[in-house]
Amino acid sequence: QVQLVESGGGAVQAGGSLRLSCVGYGYSFMSGSMAWFRQAPGKEREGVASRADTGYTAYSESVKGRFTISVDSAKATLFLQMNSLKFEDTAMYYCAAARTYRQTRFWMLSPENYSYWGQGTQVTVSS
């Protein structure tokens, strides 16, 4: 049974940084695509960053240059380093995984393509 568990969220002032972690249980980080999504109240879930097992990464335009996705396969952990945080980054952040994928930015940042989800971790940025 696959279980994804996020941590690292919290409250931070604009301009600050946070590092989110997602530990995967029962899931191999050596294959497939893993991603971070976020959802703010009243808004649709949106793709933030994704990483394929080839090392290919994709980012939303709103976070490109500020966020970095990485993985430690040995520890089965996915990370999202978030720098220069803005008020509009406030949301619940979710880790997701897909065993098969298409290596395109659109596919990898679309939530409907992911089968496994974590419970989420809240990020709140104050202006």
Side-chain angles (χ1 to χ4, degrees):
Q1 184 176 356
V2 175
Q3 186 178 11
L4 303 176
V5 180
E6 303 98 332
S7 63
V12 64
Q13 289 188 331
S17 298
L18 282 174
R19 188 193 195 200
L20 304 184
S21 300
C22 170
V23 178
Y25 300 94
Y27 183 83
S28 172
F29 279 50
M30 298 299 291
S31 63
S33 177
M34 299 204 68
W36 289 97
F37 292 84
R38 67 186 181 187
Q39 188 167 20
K43 295 187 177 181
E44 294 185 353
R45 190 167 296 190
E46 65 167 336
V48 174
S50 180
R51 186 184 186 281
D53 52 15
T54 60
Y56 175 85
T57 57
Y59 295 91
S60 69
E61 289 299 321
S62 63
V63 307
K64 192 177 294 184
R66 299 188 297 123
F67 291 11
T68 303
I69 189 171
S70 62
V71 64
D72 184 335
S73 298
K75 296 183 179 180
T77 303
L78 181 73
F79 300 101
L80 184 68
Q81 179 66 44
M82 305 186 295
N83 298 328
S84 302
L85 282 162
K86 303 177 181 179
F87 174 77
E88 50 265 39
D89 294 321
T90 296
M92 185 71 79
Y93 283 71
Y94 298 91
C95 169
R99 294 191 187 279
T100 61
Y101 66 96
R102 294 180 183 175
Q103 192 168 289
T104 67
R105 180 175 174 276
F106 179 78
W107 194 102
M108 290 174 63
L109 293 178
S110 298
E112 63 269 21
N113 295 325
Y114 288 80
S115 301
Y116 305 106
W117 291 86
Q119 81 290 348
T121 185
Q122 177 68 37
V123 172
T124 302
V125 184
S126 58
S127 58

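Excluded from the calculations below are hydrogen atoms, water molecules and symmetry mates; all remaining heavy atoms, backbone and side chain alike, are included. Everything quoted here is computed from the prediction, not taken from an experiment.
- A 4.5 Å side-chain heavy-atom check between W36 and C95 finds at least one atom pair inside the cut-off.
- Listed for the N83 side chain is no donor-acceptor partner under 3.5 Å among the backbone atoms of S17.
- V23 is linked by a side-chain contact (heavy atoms from CB on, under 4.5 Å) to Y25, T77, counting only residues two or more places apart in sequence or in another chain.
- Linking ILVMFWY residues whenever their side-chain heavy atoms come closer than 4.5 Å, directly or via other members, leaves F37 and V123 in distinct clusters.
- Scanning all heavy atoms of the two residues, the minimum distance from R45 to P111 falls at O-CG, 4.0 Å.
- Using a 4.5 Å cut-off on side-chain heavy atoms (C-beta onward), D89 and R38 make contact.
- Nearest heavy-atom pair across Y27 and A98 is OH-O, 3.1 Å.
- Between the side chain of Q119 and the backbone N or O of V5 there is no donor-acceptor pair closer than 3.5 Å.
- Within the 3.5 Å criterion, the main-chain N or O of T90 finds no donor-acceptor partner in the side chain of T124.
- Between the side chain of S50 and the main chain of M34, a donor-acceptor pair closer than 3.5 Å is present.
- Taking 4.5 Å as the limit, every side-chain heavy atom of F67 sits out of range of all side-chain heavy atoms of L18.
- For the residue pair Y114 and S33, a side-chain donor N or O sits within less than 3.5 Å of a side-chain acceptor on the partner.
- Remark: side-chain polar atoms of Y94 are not paired, donor with acceptor, to backbone N or O of E6 under 3.5 angstrom.
- Side-chain atoms of W117 never come within 3.5 Å of backbone atoms of L4 as a donor-acceptor pair (strictly under, hydrogens ignored).
- To the nearest 0.5 Å, the span separating CD on E46 from CG on L109 amounts to 9.5 Å.
- Residue K43 qualifies as open at atom NZ: its count of foreign heavy atoms under 6.0 Å is 12 or below.
- Counting heavy atoms of neighbouring residues, nucleotides and ligands inside a 6.0 Å radius, atom CD of E112 exceeds 12 of them.
- Looking only at atom types and distance, the side chain of R99 has a donor-acceptor partner in the side chain of Y116 under 3.5 Å away.
- Judged purely by distance below 3.5 Å, without hydrogens or angles, the side chains of T54 and Q103 pair a donor atom with an acceptor atom.
- Y59 is not connected to M108 by any chain of hydrophobic side-chain contacts under 4.5 Å among Ile, Leu, Val, Met, Phe, Trp and Tyr, and they are in different clusters.
- Under a hydrophobic-cluster definition in which Ile, Leu, Val, Met, Phe, Trp and Tyr are linked whenever side-chain heavy atoms come within less than 4.5 Å, directly or via other members, M82 and L78 are assigned to the same cluster.
- Counted within 6.0 Å of OH on Y56, heavy atoms from surrounding residues, nucleotides or ligands total more than 12; the atom is thus considered enclosed.
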